[in-house]
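Notes for the one structure printed next.
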Amino acid sequence: MIKNFIDKLLSKAGSGARKRPAHPYGKRVEVPASVHGIDPARVDRRAIDVVRTLQQAGFEAYIVGGAVRDMLLGLKPKDFDVATNATPEQVKGLFRRAFIIGRRFRIVHVVHGRGRENEVIEVSTFRAYLDNAAAEQVAGNEKTSRAALAGMQHAVDSTGRVLRDNVWGPQDEDATRRDFTLNAMYYDPESQIVVDYHHGIEDAKKKTLRMIGDPATRYREDPVRIIRAVRFVAKLAALGFTLEPKTAAPLVQSQQLLADVPQSRMFDEMLKLLQTGHAIATIEQLKKLGLAKGIYPLLDVVVERADTPFVLAALTDTDRRVKEGKPVAPSFLLACVLWQDVKSGWERHLAKGEHALPALQDAIDGVFERRIGDVSGRGKLAADMREIWVMQPRFEKRTGRVPESMVAQLRFRAGFDFMRLRADIGEVDEALASWWQEYSTADEFRREDLMEQAREEQKPRTRSAAPAARRVPREAAAAPAGSGDVLPELAERAEGAETGAPKKRRRRRRKPTGGGGEAPAGQSHSDAAPHGDE
């Protein structure tokens, strides 16, 4: 009886094994230049050098991924990656400046040039398509399971997320393990053919973003693919691209898998969503796909405030700068997003009677604790954000040495751009932003004129702030119109009349003797003794 039972089990297992189809790796299709239309002039010469070096050494090598997709669609690629059948050690041995990086996916960075001309070509080895059910399983994530992962080539966590994937394989398997069909094409700059296994060119014509394989399984293997799906459709939405319905369907349900991704990686992925030139489109896609909440707490705040004038202005400005090829800093954008929190916190501390600067610092500390935490809130990013915020009340002071010291600060431009956005939405006076714009670019003599202008603008405020007008003696009524020279003396006599002191007959100003005395004629006291940084 036992023997029959075992035979039955083995029979079922064998039957199941026979019915199980082989994984469809896709059929290799070589598409000539006459069909794909990629302009070879768009290809980075350094990427061509890397491909040529590998091919001359006897290896297969292609430009792969986003660069092929962008060139196919007539876009300018941000960077160029290379895929090869050479191992990381073999790649490293062919180049003078090459470095093997990464644990989860071991790749090689080939470095060209120095300084501003520095460029990195990322070279990856073709990876095998493996059944994750057969992989070694560990508890936790990359950070908590680092010791357990040591030495493993293929490992997953309890949810099926791939933690290690360093088993090399043929090109067709490498194409299958990539995410979207548009990212799984290989371009040979020597022969100018595109190798396409999963109908990527066809999907490009249909303007469809389609996941290779079962989308729910692929999101489980790497939940960050959820964010990548949003980023790609946001980037290509202007060209009419949409997510294939089967690719979009599991997104909301799979979103919970992101909770197991290390927070530092989530923070970086959030910045990619907001700083690749499609921030506004990204917000629209998050709402459209039902992902407006729950991906990452700080991203939730961005989406929630994206329609407010200040954050909308910051997102629009970021998109513009990226499209113009100008640098963007995450500290600036996040400072804009969280300014609302800083302002309200500052006002609460001031209402308790705290001094302005300590109140502002306390408000900033509270925002870091509540919104950013330990991910990046205590490093350079936090220091830059803090400096931008602390500058804002100082822009109101345009006397003494304050303007000179402000302009000399390393982060002045970021602080000024922040204040400029505030002026654009009416939060600060437009004239104040214009004054600082001119002062920051003016020569020494023009700065003197601007300082004098600022002093003149502040005089009416000082007069209006006086508690009461002093009584003017009768002689003032007899003074001829325009005789401004007698007004200071009359004001002094009026002050004496109020106090009952005898009338002074000496001149109001005397030339200084020695090192002391009053300021020379024609020079104000503020010029003689600047206030400094107040």
P170 backbone acceptor or donor facing E173 side chain under 3.5 Å:
no
Decide salt bridge (Lys or Arg N to Asp or Glu O under 4.0 Å) for D341 and R305; before the verdict, give the C-alpha distance in whole Å, the side-chain angles of both, and the deciding distance to 0.1 Å.
CA-CA 11 Å; D341 294 327; R305 298 177 180 176; 2.7 Å; yes
Can you tell whether the side chains of K326 and E324 come within less than 4.0 Å, N to carboxylate O?
yes
Roughly how far, to the nearest 0.5 Å, is CE of M385 from CZ of F332?
11.5 Å
Side chain to side chain contact (heavy atoms under 4.5 Å, CB included) filter on K92, not counting sequence neighbours, yields A98, I100
Using side-chain heavy atoms (C-beta onward) and a distance below 4.5 Å, is E190 in contact with I48?
yes
Flag this pair as yes if the NZ/CZ of R69 is under 6.0 angstrom from the six-membered ring centre of F232 and inside a 45 degree cone about the axis; otherwise no.
yes
Under a 4.0 Å threshold between the charged nitrogen and the carboxylate oxygen, would K235 count as salt-bridged to D70?
yes
Any donor-acceptor pair under 3.5 Å linking the side chain of Q255 with the backbone of K293?
yes
Distance-minimising heavy-atom pair for T125 and D174
O-OD1, 4.0 Å
D39 side-chain N/O to M71 backbone N/O, donor-acceptor pair under 3.5 Å:
no
Measure from the side-chain N and O atoms of T247 to the backbone N and O of L243, and report whether any donor-acceptor pair falls under 3.5 Å.
no
Report yes if some heavy atom in the side chain of V337 is under 4.5 Å from a heavy atom in the side chain of V301; otherwise report no.
yes
Are any side-chain N or O atoms of R210 and backbone N or O atoms of H198, one a donor and one an acceptor, separated by less than 3.5 Å?
yes
If we only count heavy atoms from C-beta on, is the Y296 to L273 side-chain gap below 4.5 Å?
no
Can you tell me if CD on E89 sees more than 12 non-hydrogen neighbours from other groups inside 6.0 Å?
yes
Should the pair D222-R265 be classified as a salt bridge under the 4.0 Å nitrogen-to-oxygen rule?
yes
Mark yes when over 12 heavy atoms from residues, nucleotides or ligands other than H36 sit less than 6.0 Å from its NE2; otherwise mark no.
yes
State, yes or no, whether a side-chain contact exists between E122 and H109 at a heavy-atom distance under 4.5 Å.
yes
Salt bridge (Lys or Arg N to Asp or Glu O under 4.0 Å) filter on E269, not counting sequence neighbours, yields R231, K272
Side chain to side chain contact (heavy atoms under 4.5 Å, CB included) between L236 and L182, worked out
CA-CA 11 Å; L236 301 178; L182 285 181; 4.2 Å; yes
Is any side-chain N of the basic residue among R52 and D49 closer than 4.0 Å to the acidic one's carboxylate O?
yes
Measure the CH2-CD distance between W339 and E427 for me, rounded to the nearest 0.5 Å.
6.5 Å
Roughly how far, to the nearest 0.5 Å, is the CG atom of D362 from the CH2 atom of W346?
12.5 Å
Should P327 and R321 count as side-chain neighbours, where that means a heavy-atom distance under 4.5 Å?
yes
Near K76 NZ, under 6.0 Å, is it more than 12 heavy atoms from other residues, nucleotides or ligands?
no
How long is the straight-line distance from CD1 of I201 back to CG of D196, given to the nearest 0.5 Å?
5.0 Å
Can a donor-acceptor pair be found, under 3.5 Å and without considering hydrogens, that links the side chain of D319 to the backbone of I280?
yes
Test item: M266 and I227 side chains (from C-beta on) under 4.5 Å apart, heavy atoms:
yes
Do F80 and R46 touch side chain to side chain, with heavy atoms closer than 4.5 Å?
no
Short question: side chain of Q55, backbone of A61 - any donor-acceptor pair under 3.5 Å?
yes
Has the side chain of W168 got a donor or acceptor atom that lies under 3.5 Å from a matching backbone atom of N85?
no
Counting only N and O atoms by type, is there a donor-acceptor contact under 3.5 Å from the side chain of S254 to the main-chain atoms of L251?
no
Using atom types as modelled and distance alone, determine if a side-chain donor or acceptor of R218 lies under 3.5 Å from a backbone N or O of R178.
yes
Step by step, work out the side chain to side chain contact (heavy atoms under 4.5 Å, CB included) result for T308 and I425.
CA-CA 10 Å; T308 63; I425 66 165; over 6 Å; no
Does any non-hydrogen side-chain atom of Y186 lie less than 4.5 Å from one of V68?
no
So does D317 pair up with R420, basic N to acidic O under 4.0 Å?
no
Applying side-chain hydrogen bond (donor to acceptor under 3.5 Å, both in side chains), run through Q171 and Y197 and close with a yes or a no.
CA-CA 9 Å; Q171 186 184 34; Y197 288 94; 3.0 Å; yes
Check this for me: does any side-chain nitrogen of one of K205 and E202 sit under 4.0 Å from a carboxylate oxygen of the other?
no
Side chain to side chain contact (heavy atoms under 4.5 Å, CB included) test vs F418 passes for just one of R411, Q392, R413, namely Q392
